[in-house]
There are 2 protein chains.
Amino acid sequence: MDKLNIFKSLSNEARLQILEWLKDPAAHFGPQDGIDLIEVGVCVSQITEKLNMTQSTASQYLSTLQKAGLIKATRIGKWTYYKRDEEAIKNLGLYIQTDL
Amino acid sequence: MDKLNIFKSLSNEARLQILEWLKDPAAHFGPQDGIDLIEVGVCVSQITEKLNMTQSTASQYLSTLQKAGLIKATRIGKWTYYKRDEEAIKNLGLYIQTDL
DNA sequence: TTGACAAATCGAACTTTATCGATTTATAAT
DNA sequence: ATTATAAATCGATAAAGTTCGATTTGTCAA
């Protein structure tokens with residue numbers, strides 16, 4: 001994914017908010033039975049709830065962030081869990097420092 | 001300036017292009033009589049010309065980047081010279097690496 | 001003090017993004 | 001198979017961004 005799409009994905013308050021929440025999932029989301037918030041991620045329903053927006057919007061925003069490569073998805077059963085791609089984020093910071 | 005506006009300012013191909021050109025002004029812009037491209041910056045006319053867009057658009061884009069804090073302006077006579085704010089850019093990279 | 005030129009701003013047309021409700025798809029349980 | 005629930009996608013409308021041409025403002029030279 002190119003940097004333009006990464007920056008576009010970051011040009012939205014709600015998407016930045018999601019990224020921030022996912023930095024410390026345990027602090028922002030209740031536990032899900034049998035899944036490790038940190039290792040697996042947070043499901044769309046939980047993010048939808050905190051976002052105070054519709055499920056549709058939450059899903060799209062997560063998709064946008066994923067297409068930008070900033071978060072990763074894992075589907076388990078009916079749920080899709082999203083977590084940050086810390087390496088990608090670090091690389092973006094590095095890129096900005098050295099090449100932007 | 002907040003990070004949202006910074007990311008918005010970077011969400012545009014032409015603005016990213018300007019930022020890239022300003023990394024090495026001597027490589028991308030002809031000399032201006034009596035002004036140091038690196039120390040002072042590049043004037044709007046020169047950027048307009050390379051952008052292949054109108055003066056109006058170039059001026060707005062430079063203003064956008066300036067408001068985001070990524071470039072700085074110096075007016076000398078009739079000309080306004082723009083140069084990158086390297087420190088701000090570095091700080092942005094750092095911010096992304098450590099806090100995004 | 002008028003003319004010329006650089007830059008900034010304004011107003012408008014067009015494109016893209018934001019956000020919703022409704023529908024569809026995927027999965028699991030009955 | 002049918003139902004229930006999570007997530008994704010679709011279609012629509014409102015808001016924001018893009019980009020232009022025209023105008024205005026700032027600055028210098030004649």
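Naming: A, B, ... by sequence-line order, numbering from 1 per chain.
Cluster membership for B:I38 and B:W79, using ILVMFWY side-chain heavy atoms within less than 4.5 angstrom, is not shared.
The two residues A:G69 and A:A88 come nearest to each other via the heavy atoms O-CB, 3.3 Å. Heavy atoms only, all atoms of each residue included: B:Y81 and B:G41 are closest at CD2-O, 3.6 Å. When all heavy atoms of B:Q66 and B:A73 are compared, the pair lying nearest together is NE2-CB, 3.6 Å. Nearest approach of A:K83 to A:V40, heavy atoms of both residues: CD-O, 3.8 Å. Taking each heavy atom of B:C43 and B:Q32 in turn, the nearest pair found is SG-NE2, 4.0 Å. The two residues B:A58 and B:T48 make their nearest non-hydrogen contact at CB-OG1, 3.2 Å.
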How far apart are the C-alpha atoms of B:L70 and B:L10, what are their side-chain angles, what is the distance that settles it, and do they pass the side chain to side chain contact (heavy atoms under 4.5 Å, CB included) test?
CA-CA 9 Å; B:L70 298 169; B:L10 293 171; 3.7 Å; yes

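With sequence neighbours excluded, the residues that form a side chain to side chain contact (heavy atoms under 4.5 Å, CB included) with A:E86 are A:R84, A:I89. Take B:S63 and apply the side chain to side chain contact (heavy atoms under 4.5 Å, CB included) test, not counting sequence neighbours, and it matches B:K67.
For the pair B:Y82 OH and C:dA6 P, the interatomic distance rounds to 15 Å; values are reported in whole Å. Atom CG of B:L4 and atom C1' of D:dA16 are 12 Å apart (whole Å). Spacing between atom CH2 of A:W79 and atom P of D:dT5 amounts to 11 Å, rounded to whole angstrom units. A:Q60 has its CD atom 12 Å from the P atom of C:dT17, to the nearest Å. The interatomic distance linking B:I18 (CD1) with D:dT18 (C1') rounds to 13 Å, in whole Å. Following rounding to the nearest Å, A:I71 (CD1) and D:dA7 (P) show an atom-to-atom distance of 13 Å. Summarising the geometry, the separation between CG on A:L65 and P on C:dA18 is reported as 11 Å, rounded to the nearest angstrom. Rounded to whole Å, atom P of D:dT18 lies 15 Å from atom CD of B:Q17.
Summary for the helix from C:dT1-D:dA30 to C:dT30-D:dA1: the axes at its two ends, each from 5 pairs, differ by 20° when rounded to the nearest 10 degrees.
Here the options are A:I96, A:L92, A:L94, the test is side-chain contact (heavy atoms from CB on, under 4.5 Å), and the partner is B:Q97; only A:L94 passes. The one candidate from A:L51, A:I47, A:V42 that meets the side-chain contact (heavy atoms from CB on, under 4.5 Å) condition with A:L62 is A:I47.
Regarding contacts with the backbone of D:dG17, every side-chain N or O of B:N12 stays at 4.0 angstrom or more from both OP1 and OP2. Between A:R15 and C:dA18, a side-chain N or O to OP1/OP2 separation shorter than 4.0 Å is present. Residue A:S59 has a polar side-chain atom (N or O) positioned under 4.0 Å from OP1 or OP2 of D:dA8.
Of the residues in residues 19-49 of chain A, not one places a heavy atom less than 4.0 Å from an atom of DNA chain C.
Here the nucleotide nearest the side chain of A:T80, chosen from C:dT19, D:dT18, D:dA8, is D:dA8.
A residue-by-residue look at B:A73 and A:A14 shows that B:A73 has its nearest nucleotide of DNA chain C further toward the 5' end.
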Per-nucleotide protein contact along nucleotides 22-30 of chain D, 5' to 3', at a 4.0 Å heavy-atom cut-off (B base, S sugar-phosphate only, - neither), is B---BBS--

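Ring pair A:W21/A:H28 is tilted by interplanar angle, where 30° to 60° counts as tilted.
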Report each atom pair, protein N/O against N/O of nucleotides 12-16 of chain C, whose distance is under 3.5 angstrom.
none

